[in-house]
Participant: 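Before we start, here is the structure in question, set down as C-alpha cells.
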Protein chains: 2
Amino acid sequence: MTVTIYDVAREANVSMATVSRVVNGNPNVKPATRKKVNDVIERLEYRPNAVARGLASKKTTSVGVILPDVSENFYSELARGIEDIATMYRYHIILSNSDQRPEKELQLIETMYGKQVDGIIFMSEHLTENVLTQMEKSPVPIVLAGTVDETNKLPSVNIDYYAAAYEAVNRLIQNGHTNIAFVGGSLSSTIIRGYLLAAYKKALQDASIDLKEDNIVETDASYEDGMEAYKQLQTLSHPPTAYFASNDEIAIGIIHGAQDTGKLVPNDIEVISFENSKLARMVRPELTSIALPLYDIGAVSMRLLTKFMSKETVEETNVHLPYRLEERDSLKK
Amino acid sequence: MTVTIYDVAREANVSMATVSRVVNGNPNVKPATRKKVNDVIERLEYRPNAVARGLASKKTTSVGVILPDVSENFYSELARGIEDIATMYRYHIILSNSDQRPEKELQLIETMYGKQVDGIIFMSEHLTENVLTQMEKSPVPIVLAGTVDETNKLPSVNIDYYAAAYEAVNRLIQNGHTNIAFVGGSLSSTIIRGYLLAAYKKALQDASIDLKEDNIVETDASYEDGMEAYKQLQTLSHPPTAYFASNDEIAIGIIHGAQDTGKLVPNDIEVISFENSKLARMVRPELTSIALPLYDIGAVSMRLLTKFMSKETVEETNVHLPYRLEERDSLKK
DNA sequence: TTGAAAGCGCTAACAT
DNA sequence: ATGTTAGCGCTTTCAA
C-alpha cells in the first residue's frame, strides 16, 4: 500500500537505480527521463523511506543530542543553536534528557549508537570517567557543547570560563570591594568548580584579598537558592558587599533577597552574574552579567560535528568562543 | 567490522531467528539457549541495529515532535513532559522547530513521514488549513499538544483556555475594576484570539462594562512588548487600572513599565497573568497568574499518542486538563 | 523450541 | 545514461 521506489520505476519504465538517481539528485540522468520520473513520483506521491535508505547507505542523517534537561533555559538555548545548523545541513535531531545521571548518559549514548546516528552532541555539567571512556571509543564523531572535558580528548565548544569569571570578579574588585561572595550552582559542575571558583580565588589573591571560605556558598542553580544563599550570607559577622553569581536566576534571587530586607542594589550591595539570559533585563536593577553565547555554542558545535561527519579536516577541535561583559545596573559604573 | 545478529548466531550455534527472539524477549526460548546467546551477545558487544529493525518491522519506536521554538520556555516545558513519557514507553523523540511557519510545518511533517516515525506530537499557535488537511490524512497518529484545532478533528490536549481567561478577567472585575486592559501576544494565535480575547469580552459584557477597543493591545509575546504596551496604554485619556496579560513576560513588562514611572503594583494598578512559569515568582510583586500545566500537557499528549500507536481504544480524544488561579501579589487579595 | 528463508525499501558497485 | 544485482541487518511467517 505504501508506494516504493520499485513502483515508481515500474510506472516510469525505468530501473530502480534511475529513480534512486533522480531522487538523490545524481546528475547522470537525461533531463527527459528525470522529468518522466519526477512526474510519476508526484503522481504516486512517492516519499523515500529514510529507514531503508539508512540501512542501505549506512548514514541516517540524524544526530543524537544528549543534554541534562531541555526545560532549562541554558540547554534549550544550546539546543536551538544545534537544531538550526543541523537543519541547514539536512540533519535531524534525536533529543534526550539525561537529568545529569551518569548511568542514563551511558545508556543514552548506547541508544544513540543503536539508532545509528551519524554523530552526537553531548552536554553535561560533569563528565564521569565511564562516560568519557565510552565516548572516546565511539563509532561516530562526538562534540561536547558547553561542556568541559579537562583532558581535551574530545572536541568541544565553550568559552574561556576561567578568564570570564576572573574578569567578573575583578570588576567587583575594581569597584572597591574586598568582601566578595561566590554563589555557585552545584560545585559538582566542572565549569563552576574547575573554572569559576578557581578564577574567583585567583582574582582575590592577585588583589591581595584574603579568601574567606564562608563567602563561598554552594547551592543549586535556582532563584530560591539565590535568595537562600543571600540570607545565609547575612548571618556572617561581616556580610559580603559584592556577589558573584554563577547564573542569572541565582543573581536575581540575591537581588530580591537584598531588596526584601530593604537593601538597595547597587548602592548597598553589588551583584554580577554569569549567563545573561533574557532574564537579565527582566529585573530591577537589570543585571550586569558575563554574556554567554549559548545559541552560538550550540550552532558552532553542530557545525563542527558536520565537519567530522563528512571527514573534513578541522584545525581547532577545542573551540573557544568570545564572551563579553554586559554592563547594566546591578553594578555601579 | 560491526557485529551483527548473524555473527551472534554463528558464535552461539543457533539461528538468527533464535537470537532475534532472545533480543526481543520472546518467551519461546529454552533458558539454556537464552543464556548461551546472551553470553555471546555480551562477549561480542552486540548491539541491535535499530534501523534494520525498523525496516523489517515497520516500527521505528521514534516519534516526531514539531514545535515553534524549543528555546521558548512554553515549548521546552511541553517538550520535557513529552520526552519523559516517551522514554517511559521506550520511544525516542525527533525534535524540530517550525518557527511557526506553515510551509516549514508542512515540510517537517513530510520529513517525519519519511523518517517513518510511529507518531507525531504537533504544536503550533495557529493551524492553517493546509497543515490541518495534511495531518488529517496522516499515515501515523498525531496528537496536538497545547494547540487548538477548532474543528476537533485531531486528538489534542489543552486546558479550557476560555474558562481560565474568563476567570482571570472576572477576578479583576471582582476587585472593582471597570477599566481593564487586554495585552495579548500575537492575535494570530488561535488561543489568544479565539479564547482569551473572547473570554475577556464576554466577562466585561456579563459585568455590563463597556468594551473599549483601545484597551486591547496586540503585541508580540516578549517582556519588551509588555513594557511597550503599558506605555502605549498610558497615552489614553483614561489609562486602564487593571491588566490581563497573555503570558508572564508581558505581565512583567507591564509591571516594570508601571514601576519605572513610579506606579505601585497592586496599589495603583493590578495585573494578572496567564502562564505561571517560574518567572512568576521572580518579580516583585510576584505574579498572580492562571497556572498552565505545561509539563502535564506534554506528558498527557505523549501518553495519548502511545495509546493510538498501540491501537488501544481511547475514550476521550480531546483532553482538557485542569488549570488553577495562582494567587500572589500583583493583585489585591 | 528452533531453523530456513523471504522480504522490508533502498543504495552502490558493476555492467552495458 | 541506464540497468542488474547484491546486499544493508533485522523480523516474521512457515515448517519442522
Side-chain angles (χ1 to χ4, degrees), chain A residues 1-38 40-41 44-62 90 110-111 113-118 139-140, chain B residues 1-38 40-41 44-62 90 110-111 113-118 139-140:
Chain A
M1 56 157 278
T2 57
V3 11
T4 74
I5 200 173
Y6 179 77
D7 300 317
V8 176
R10 181 172 31 72
E11 292 288 313
N13 286 311
V14 296
S15 71
M16 289 165 53
T18 298
V19 178
S20 176
R21 286 188 189 100
V22 349
V23 166
N24 292 297
N26 183 318
N28 292 334
V29 181
K30 194 162 50 172
T33 50
R34 177 183 306 281
K35 165 134 181 46
K36 187 171 59 176
V37 170
N38 275 324
V40 175
I41 286 178
L44 302 189
E45 297 188 329
Y46 167 70
R47 181 191 305 123
N49 180 325
V51 174
R53 201 192 289 227
L55 183 59
S57 69
K58 295 172 168 298
K59 316 181 87 296
T60 54
T61 64
S62 39
R90 316 252 106 117
E110 277 300 328
T111 306
Y113 294 162
K115 287 254 170 188
Q116 313 298 121
V117 295
D118 296 337
V140 295
Chain B
M1 55 156 277
T2 58
V3 10
T4 74
I5 200 173
Y6 179 77
D7 300 317
V8 177
R10 181 170 31 72
E11 292 288 313
N13 284 311
V14 297
S15 70
M16 290 164 51
T18 299
V19 178
S20 176
R21 287 188 188 99
V22 348
V23 166
N24 292 298
N26 184 318
N28 293 332
V29 181
K30 195 162 47 168
T33 47
R34 178 184 304 282
K35 163 130 180 49
K36 187 172 60 175
V37 170
N38 275 325
V40 175
I41 286 177
L44 301 189
E45 297 188 325
Y46 168 71
R47 181 192 305 124
N49 180 325
V51 173
R53 201 192 288 228
L55 183 59
S57 69
K58 294 173 169 295
K59 315 180 87 296
T60 53
T61 66
S62 39
R90 319 253 105 123
E110 277 300 327
T111 306
Y113 295 161
K115 287 254 170 187
Q116 313 299 120
V117 296
D118 296 338
V140 294

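Bear in mind that the values here come from a model prediction, so they are computed numbers and not experimental data. Here is how names work: the chains are called A, B, and so on, in the same order as the sequence lines, proteins then strands, and each is numbered from 1.
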Participant: Could you tell me the separation between the NZ atom of A:K30 and the OG1 atom of A:T18, rounded to the nearest 0.5 Å?
Facilitator: 10.5 Å
Participant: What's the shortest heavy-atom distance between B:E45 and B:V3, and which atoms?
Facilitator: O-CG1, 4.3 Å
Participant: Across nucleotides 5-16 of chain D, 5' to 3', mark each nucleotide with B, S or - according to how protein heavy atoms within less than 4.0 Å reach it.
Facilitator: --BBBBBB----
Participant: Heavy atoms only: give me the nearest A:P48-A:V23 pair and the separation to one decimal.
Facilitator: CG-CG1, 3.8 Å
Participant: If you round to the nearest 0.5 Å, how far is CD of B:Q116 from OG of B:S57?
Facilitator: 10.5 Å
Participant: For A:N26 and D:dT2, give me the distance from atom CG to atom P, rounded to whole Å.
Facilitator: 11 Å
Participant: Determine: side-chain N/O of B:T18 to OP1/OP2 of C:dT2, distance under 4.0 Å, yes or no.
Facilitator: no
Participant: Expected output is a numbered-order residue list: members of residues 27-36 of chain A with a heavy atom under 4.0 Å from any atom of DNA chain D. What is it?
Facilitator: A:N28, A:V29, A:K30, A:T33
Participant: Between atom OG1 of B:T60 and atom NZ of B:K58, what is the distance when rounded to the nearest 0.5 Å?
Facilitator: 11.5 Å
Participant: With rounding to the nearest 0.5 Å, note down the distance linking CD1 in A:I5 to CZ in A:R10.
Facilitator: 13.0 Å
Participant: What closest approach, in Å, do A:T33 and A:V29 show between heavy atoms, and which atom pair accounts for it?
Facilitator: OG1-CG1, 3.2 Å
Participant: Okay, side chain of A:N24, backbone of A:N26: is any donor-acceptor separation there less than 3.5 Å?
Facilitator: no
Participant: Measuring from B:L55:CG to A:R53:CZ, what's the distance to the nearest 0.5 Å?
Facilitator: 13.0 Å
Participant: Kindly calculate the angle separating the two end axes of the helix from C:dT1-D:dA16 to C:dT16-D:dA1, each obtained from five base pairs, and round it to 10 degrees.
Facilitator: 30°
Participant: Working to the nearest 0.5 Å, report the span between NZ of A:K115 and OG1 of B:T61.
Facilitator: 3.5 Å
